[in-house]
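First the proteins, then the strands, lettered A, B, ... as listed; each starts at 1. Not measured: the values here are computed from a predicted model.
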Amino acid sequence: MQRYNFKTIERKWQKFWDANNFFKSEIDKNKKKFYCLEMFPYPSGKIHMGHVRNYTIGDVLSRFKKMQGFNVLHPMGWDSFGMPAENAARLNNLDPKTWTENNIAIMRGQLKLLGLSIDWDKEISTCSPEYYKHQQKFFLEMLNKGLVYRKENYVNWDPIDQTVLANEQVIDGKGWRSGAIVKRKKLNQWFFSISKFSEELLSGLDQLQQWPNKVKVMQRNWIGKSFGCEINFQIKGNDPVDNIKCFTTRPDTLFGLSFLALSVDHPVAKFYEKNANFIKFKNECSKTGTTEESIAQAEKIGFKTNLTAINPLDKNIQVPVYFANFVLMDYGFGAVFGCPAHDQRDLDFALKYELNVIPVVKPKDLLKPYQIEKEAYTGPGVIFNSNFLNGLKAPEESINETIKILEKKKIGIKKINFRLKDWGISRQRYWGCPIPIAYNKSGKIVKIPEEMLPIKLPEKIDLNTKGNPLDHHNTWKKIIINGEECTMETDTLDTFVDSSWYFLRFCSSKNNDYGFDYDDVNYWLPVDQYIGGIEHAILHLLYSRFFMQAIGYKNNKFNHTEPFRGLFTQGMVCHQTYKNDKNQWLSPDEVDSEDGKNYFIKKNPKSIIKVGPSESMSKSKKNTIDPTEMINSYGADAVRLFILSDSPPEKDIQWSDQGMISAYKFLQKFWRMHIEILSQIKEKKVGLELDDNTLSKFTNLILEKIEKNLNNFQYNVIVASFHEIYNFLSKQIKKDITFSVLLENYLKILKIMNPIIPHFTTECMENLGYNNKELFWPVLDKKHVVEARANIVVQINGKKRCLINTVINIDENNLITTIKDDPAIKKYLSEKKIKKTIYIKNKLINILI
RNA sequence: GCCCUCGUGGUGAAAUUGGUAGACACAAAGGACUUAAAAUCCUUGCCAUUUAUGGAGUGCCAGUUCGAGUCUGGCCGAGGGCACCA
């Protein structure tokens, strides 16, 4: 018997799809569209199992939607700017462009082996001038709309990568890529005014019903809206400083004021620049570092100024002003008022410097005398010790009432504050999109005129310089604009800018005049299903949402402001880790095991290996499995089948060789059954009515189930259903079935299986005489789903006692009569009176005795 | 500290949304076929005596209900996110 030869068959159908333009998508306003997008890859050189999982999930959905008659857009591109290219180029003495293009060629080939239903005509690459010239236009457009600005700012400086990082790219005080401890440095930087859209970005989340709640919560926290009040404190005497503004969410505790605390970067600090003790204190603060641990453990310290602030509600309350290490300049006004009784931080500070602790919120139902010791009281209660605020219910009543009073007295203003900060986009790097800006001799900003775009990166560049290579390229830096000699901006854009609009580009990937065409975008957008890793929950997704706001700002040409209607975040692919006796990582192909418990090095069977926990596949831990190797050994369909099996797509999956092999074996045994079915159909057997119906019923039930699971992303359950199909069919075909009924049902089953194992099923269908040029999802035949008989669970006092097979829709009295005759139940019912019965039609009966 | 998610056999997991717990697979054990191996097929969650038959059972403790893996409250544990955010 012939084995299933995946190598020739998979190639055959990939060519067929290609030749018939199977996955080309064009705008067709008579058809319902479906835009399926997976996060595009960085071209590192090789695809990894994470890609395989990501793109298989998207492919299954795309194929399913296409079969359902949707006009599907399923494109692919490359997130191809970024630092690894520069580093690799330096190592291998290549230029980043060549390195990147080679990688793309390799990875494109690898992805094609998977048989993905991608419209390769729409392929884009962010490092090509064809792409980034439009990005430069967006930059200028946004600049004209006042959404881009330049300012001198403290930045997060990564000393290894020699570049600036966005706040989001600093993780635990370390660079997200290099892992180096980030330093503070003052630089002139370009910013996107993302914070201008804080409110829109926050409220937009409510529309996103098909996003995981987890991601929405993370974004909400990130945007960090808080309601409060801006309060202006007068400074006593004739100091050069006469007032200090503070932001507070608890204006109702103002009578508990005992100090003001300022950030060391607060404008007031300029009066202390020459004070040796202040300099010392400032250094002390910066030493604390930015790591999570140090922040948590850092002691609250302060530097006392000679200023005295006056409580605006009561001029007799006068308090000292400190600089303090726990106040941040980039939130609120970089100044807070301290109310130690009701804020733990303030209390810690007050205890250290022996400042007043005045409680102003009293808990209800107080049992013992009320005294603040080492713990601040932050719960609800009633305001006291507070003159005209006394008696207000805190916090629900007191905050709003106090704000009203403060506004009336012109002391404070109601204010909403966001945690979200503007997005710093300048990077001191070569391999990124050049910023279309130059500076004239007097240092003024000059916009590059549109006809001069794109500003291309220079091809020949010396990468072996410190800092930004573009800065050392003297000919590139010189540019003449309107006859005036200028110097190019040498910073390039953060690569997150590239990925913030690529989903728009796919809609009009060939448009030369503009990044996209509004008609195209308004047809395809929003992306109906976006699929990718949870690691992009905040940055990439928030930036993309911002771009829609910014590009559509003041022109209202977009029909939708949210780019991604559905979001699915898939889990990681994990594998066990292995270490030798010297604590060095070992790759899975270096080790072997006979019992699945004890492992040894293949070359040295006596060696002992420590088996570590299963972790997400990474080069550094050497626990990777090469997808192309797997495709070559088992075929794309087997790999697709395995990567979807066992674990739900949103959870992590364990790679197992046994699992991979079992997926392969499944296809082989299904193929053997297929050959048998073929010969039965050729025989033109005419069978018995009963077995025909059993088959039709099964087919339609499994269709119903798989369709539901496709819509819910329960792909692991679908793979389980495939096994059920085999287990059922391999037995059923041994019975008498009319050949035409067998053909019809089997064809239906192959179509249902098509999105997951497309090559295999297409080949099988061709064997049956199907032409494969059109492929539609089978229609559920309800008459076969309706059962003639039902298995009813019989419970006595809530305990299952037996199953009874009866005709469908039997009424309760008839059922009880039948049950009383059943030998398995008789013994429970003998001479007992039935108190009550609960009957769920065709499902269950509970008899209480 | 705050927020979110999740606890089901040796393992990955299913469970029509309150109605037969453990589908489907992996592993292990036993069996069939075979001179033998591979491949293939069959059986097996736990306890009580054995296939029949009972019993317990979805992290723990209560509650609602005829009936709870599913709903409510409390506790324990794991994972993730945020954090001197005023």
Novice: Would you indicate what A/Thr248 reaches in the nucleic acid, counting non-hydrogen atoms under 4.0 angstrom: base, sugar-phosphate, or nothing?
Specialist: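 It contacts sugar-phosphate atoms only.
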Novice: Evaluate the side-chain proximity of A/Phe722 to A/Ile757: yes if any heavy-atom separation is below 4.5 Å, no if none is.
Specialist: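 Contact flag for A/Ile757/A/Phe722 side chains = yes.
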Novice: Find the distance A/Phe349:CZ to B/rC84:P and express it as a whole number of Å.
Specialist: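 Atom-to-atom, A/Phe349 to B/rC84, this comes out as 17 Å.
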Novice: A/Asn791 and A/Asn805: side-chain donor and acceptor closer than 3.5 Å?
Specialist: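 On atom types as modelled, these side chains qualify, holding a pair under 3.5 Å.
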Novice: Of the non-hydrogen atoms in A/Asn797 and A/Asn846, which two are nearest, and what is the gap between them?
Specialist: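 Result for this residue pair: N-OD1, 3.7 Å.
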Novice: Taking C-beta and beyond as the side chain, do A/Gln576 and A/Trp655 meet within less than 4.5 Å on heavy atoms?
Specialist: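 Side chain of A/Gln576 against side chain of A/Trp655, heavy atoms only: no contact under 4.5 Å found.
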Novice: Students often mix this up, so state it plainly: with edges at 30° and 60°, are the rings of A/Phe6 and A/Tyr664 parallel, tilted or perpendicular?
Specialist: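 The rings of A/Phe6 and A/Tyr664 stand perpendicular, inter-plane angle above 60°.
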Novice: Quick one: is A/Asn727 getting a side-chain N or O under 4.0 Å of the B/rA23 phosphate, OP1 or OP2?
Specialist: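 Answer no for this pair, as no side-chain N or O of A/Asn727 is under 4.0 Å from OP1 or OP2.
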Novice: Using the six-membered ring wherever Trp is involved, compare the ring planes of A/Phe303 and A/Phe323 and label them parallel, tilted or perpendicular (cut-offs 30° and 60°).
Specialist: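 A/Phe303 vs A/Phe323 ring planes: tilted.
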Novice: Go through the side-chain N and O atoms of A/Tyr331 and A/Ser226 and say whether any donor and acceptor fall under 3.5 Å apart.
Specialist: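 On atom types as modelled, these side chains qualify, holding a pair under 3.5 Å.
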Novice: So which nucleotide does B/rA56 pair with, by the Watson-Crick or G-U wobble rule with both distances under 3.5 Å?
Specialist: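 In the structure as shown, B/rA56 has no Watson-Crick or wobble partner.
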Novice: Looking only at side chains, do A/Ser398 and A/Asp252 share a donor and an acceptor under 3.5 Å apart?
Specialist: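 Yes - a donor-acceptor pair under 3.5 Å links their side chains.
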Novice: Nearest whole angstrom, please: distance from the C1' of B/rA86 to the NE2 of A/His342.
Specialist: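 In whole Å, B/rA86 C1' lies 15 Å from A/His342 NE2.
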Novice: Taking only residues two or more places apart in sequence or in another chain, which ones pass ring pair (Phe, Tyr, Trp, His ring centres under 6.0 Å) with A/Phe333?
Specialist: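 Per chain and number, A/Phe333 pairs via ring pair (Phe, Tyr, Trp, His ring centres under 6.0 Å) with no residue.
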Novice: Which nucleotide, if any, forms a Watson-Crick or G-U wobble pair with B/rA27, using both distances under 3.5 Å?
Specialist: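 Matched B/rA27 with nothing under the 3.5 Å cut-off.
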Novice: Within this structure, what is the CG-to-C1' distance between A/Leu257 and B/rA86, rounded to whole angstrom?
Specialist: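 Between C1' of B/rA86 and CG of A/Leu257: 13 Å.
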Novice: Assuming nearest nucleotide by heavy-atom distance, tell me which of A/Gly659 and A/Lys731 is located more 5' along RNA chain B.
Specialist: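 Between the two, 5'-proximity favours A/Gly659.
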Novice: Do the ring planes of A/Tyr4 and A/Trp671 sit parallel (below 30°), tilted (30 to 60°) or perpendicular (above 60°)?
Specialist: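 The arrangement is tilted - the two ring planes meet at 30° to 60°.
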Novice: Would you classify B/rU43 as syn or anti? Syn applies when the glycosidic angle is within 90° of 0.
Specialist: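 Base orientation: anti.
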Novice: Would you classify B/rG73 as syn or anti? Syn applies when the glycosidic angle is within 90° of 0.
Specialist: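 Anti conformation here, the glycosidic angle of B/rG73 being more than 90° from 0.
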Novice: Tell me the interatomic distance from A/His266, atom NE2, to B/rA86, atom P, rounded to whole angstroms.
Specialist: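 Checked: the NE2 to P distance equals 17 Å.
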Novice: Report each atom pair, protein N/O against N/O of nucleotides 51-55 of chain B, whose distance is under 3.5 angstrom.
Specialist:
residue, atom, partner, partner atom, Å
B/rG54, OP1, A/Tyr828, OH, 3.4
B/rG55, OP1, A/Arg801, NH2, 3.4
B/rG55, OP2, A/Arg801, NH1, 3.2

Novice: Between A/Arg672 and B/rU40, is there a side-chain N or O to OP1/OP2 distance below 4.0 Å?
Specialist: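 No, outside the criterion.
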Novice: Quick one: side chain to side chain donor-acceptor pair (under 3.5 Å) partners of A/Gln714, sequence neighbours excluded?
Specialist: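 Checked A/Gln714 against side chain to side chain donor-acceptor pair (under 3.5 Å); zero matches.
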Novice: Go ahead and name the base partner of B/rC2; Watson-Crick or wobble counts if both distances stay under 3.5 Å, otherwise write none.
Specialist: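 Here B/rC2 is engaged in a pair, and the nucleotide opposite it is B/rG81.
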Novice: How many whole angstroms separate atom CG of A/Asn213 from atom P of B/rU5?
Specialist: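 Result: 6 Å.
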Novice: Report all interatomic pairs (protein N or O, nucleotide N or O of nucleotides 10-16 of chain B) with separations under 3.5 Å.
Specialist:
residue, atom, partner, partner atom, Å
B/rG12, O2', A/Ser647, OG, 2.8
B/rG12, N2, A/Asp646, OD1, 3.1
B/rA13, OP1, A/Lys651, NZ, 3.2
B/rA14, OP1, A/Asn716, ND2, 3.3
B/rA15, OP1, A/Gln714, NE2, 3.2

Novice: Without decimals, in angstroms, what is the distance between A/Leu262 CG and B/rA86 C1'?
Specialist: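 Atom-to-atom, A/Leu262 to B/rA86, this comes out as 13 Å.
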Novice: On RNA chain B, check which nucleotide each of A/Phe337 and A/Tyr726 is closest to and give me the residue with the more 5' one.
Specialist: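 Nearest nucleotide further toward 5': that of A/Tyr726.
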Novice: Tabulate atom names and distances for all N/O pairs under 3.5 angstrom spanning the protein and nucleotides 63-67 of chain B.
Specialist:
residue, atom, partner, partner atom, Å
B/rC66, O2', A/Asn846, ND2, 3.3
B/rC66, O2, A/Asn846, ND2, 2.6

Novice: Mind checking ring pair (Phe, Tyr, Trp, His ring centres under 6.0 Å) for A/Phe247 and listing every partner two or more places apart, or none if nothing turns up?
Specialist: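 Not a single residue meets the ring pair (Phe, Tyr, Trp, His ring centres under 6.0 Å) criterion with A/Phe247.
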Novice: So which nucleotide does B/rG73 pair with, by the Watson-Crick or G-U wobble rule with both distances under 3.5 Å?
Specialist: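 Per the H-bond distance test, B/rC61.
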